[in-house]
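Each chain gets a letter, A, B and so on, in the order the sequences are listed, and its residues count up from 1.
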Amino acid sequence: MIFKLFPKEYNFFDLFEKQAAFALEAARQFRMVVGRGMVDEATLEKIIAIEHDADDVAHDIIHQLNKTFITPFDREDIHALAKELDDVVDMITTITNRMMVYKLTGINKNLVEFARLIEESAQSVQSAVKGLRNMKDVSVALEEINRLENLGDTLRDNSLAELFDNEKDPIAVIKWKEIYQDTETVLDICEDVAHVVGSILVKQA
Amino acid sequence: MIFKLFPKEYNFFDLFEKQAAFALEAARQFRMVVGRGMVDEATLEKIIAIEHDADDVAHDIIHQLNKTFITPFDREDIHALAKELDDVVDMITTITNRMMVYKLTGINKNLVEFARLIEESAQSVQSAVKGLRNMKDVSVALEEINRLENLGDTLRDNSLAELFDNEKDPIAVIKWKEIYQDTETVLDICEDVAHVVGSILVKQA
Amino acid sequence: MIFKLFPKEYNFFDLFEKQAAFALEAARQFRMVVGRGMVDEATLEKIIAIEHDADDVAHDIIHQLNKTFITPFDREDIHALAKELDDVVDMITTITNRMMVYKLTGINKNLVEFARLIEESAQSVQSAVKGLRNMKDVSVALEEINRLENLGDTLRDNSLAELFDNEKDPIAVIKWKEIYQDTETVLDICEDVAHVVGSILVKQA
């Protein structure tokens, strides 16, 4: 077991799991916001607090990486994994904040669907990251992340087509186009996480 | 000859050449679509099929990289080259798909010119990648890629200026602005390929 | 002293300082342009000339990196620092050029404030890069860069909210939205520089 081979490095696993938990928590908050059809100040602050906590963990990982000679995976993979997991939270924060700045209100069924995909993808990201400890059940999680990203692509295309077909106010088009494209990007970043985990998996095999 | 020094690694060259061939094929399909002034379902499907095939090759390269100890170039350069070549195809696919989603029809002379530059750049990318086998004739191809990227910058500026001067429908401005900026990005990515190849060239010199 | 330990590598420090000086000079030209409320051809050409000179220095760094066995810092940090410093100048050039393409005129108080933050951040970037020689006074500069980036986030949010609240012409919204988001990105890139310098700092400690 990797865990036993690198006893002093155990906290890389702990730290990645913390990042994944923050990503999932941000995804849950986002889904609630979207389900209510408006961004309230309290939830935005909660998401920003999650982002700050997640930042601290990412910095811990990089700091420890710079101070550690032997690491459980390739250094570049540790760096990439920390960065991508951090990017998930950052992007969710950016979207939530932008929705408040744009004063977007009302339940948008496409965004509700995006939020569901994002929460599911964050759950699979968590499974994949947990699986790094013993390399078990990782492949299933990675395939699920890829599947959800493909669904996200289709949803973005359909959402944009609908927006350009039906919305006559150009200002509303500008706002929603950005929100749809950015929410799809969250699923892309989850797929980037999956690529890094997949790369670690191959090297350990 | 590098080929002889690293007999077991020969397929890295083969795989990069496959990627470059897919990029050129995507560029050719894109030029045809643009020349016809509309994205038909059949061509979009053809481009998406190219993208999937190109993805498989990129995954093969990364997989092989993770399993191989001795590589013909620095590992980071192999990784970067595979990624950038893949990005060329991805970006062309994204643009073609977006044109269909936006229901853009009619021959656009700026886009015709962009498609020509992209096909020429993809040809030079192919020459550069082929030149990696023996480091011959690479510089000429790299200079050509840079020249085409500069032409692309000017074309994007002129296209945007024209768009904002003449197009009074804001929805059309939103659509075409994105298409022009994304097509120029294809030339930027080809230039990124050139940078990686240039970096490999310098280290081998 | 690092300088004495790596006498033949001294020019990495010199080259990074050249890049930082070009970034600061571009920031100053940008602030002047913004203060005058219009992009004149002469200043745009001056900024483009700075960008070309900065490009040459970045290429020198990468070339030297590829030819040098012993480097004062990790190779990946040298590469990343050269890239991020180059990106500062590139982004300022892109924005200035876009303002001319969009024919944006008139003094915009938000943009004046952005230009001030960018110049201050470029000054701190210069301090941080100079500090690499002896690892002195670097932390203060890094904290200042982070502080300015946070101010930039708030300024972007306020500028966008104001734009969407007050500007009724969708074409003007499209133009200014892009300019505001891109100017904030300059501060993000300065923060990326700070992250690389911080990473070098930790490893040397």
### Any donor-acceptor N/O pair, T93(B) side chain to V89(B) backbone, under 3.5 Å
yes
### Query
Strictly under 6.0 Å, is that where the ring centroids of F13(B) and F73(B) end up?
yes
### Message
I'd like to know if the side chain of D86(C) pairs up with that of Q19(C) as donor and acceptor (distance under 3.5 Å, no hydrogens or angles considered).
### Response
no
### Message
Please classify the contact between E178(C) and chain B as side chain, backbone, both or neither, with a heavy-atom cut-off of under 4.5 Å.
### Response
side chain
### Query
Which bit of D169(C) is near chain B, if near means a heavy-atom gap under 4.5 Å: side chain, backbone, both or neither?
neither
### Query
How about D74(C): does its CG atom have over 12 heavy atoms from other parts shown lying under 6.0 Å from it?
yes
### Task
Count the heavy atoms belonging to other residues, nucleotides or ligands that lie under 6.0 Å from NE2 of H195(B), then report whether that count exceeds 12.
yes
### Summary
Scored by heavy-atom pairs under 4.5 Å with chain B, the best of N97(C), V173(C), I62(C) is N97(C)
### Query
Considering only heavy atoms, which portion of D165(B) lies under 4.5 Å from any heavy atom of chain C: side chain, backbone, both, or neither?
side chain
### Task
Measure distances from Q181(B) to the heavy atoms of chain C and classify the residue's part below 4.5 Å as side chain, backbone, both or neither.
side chain
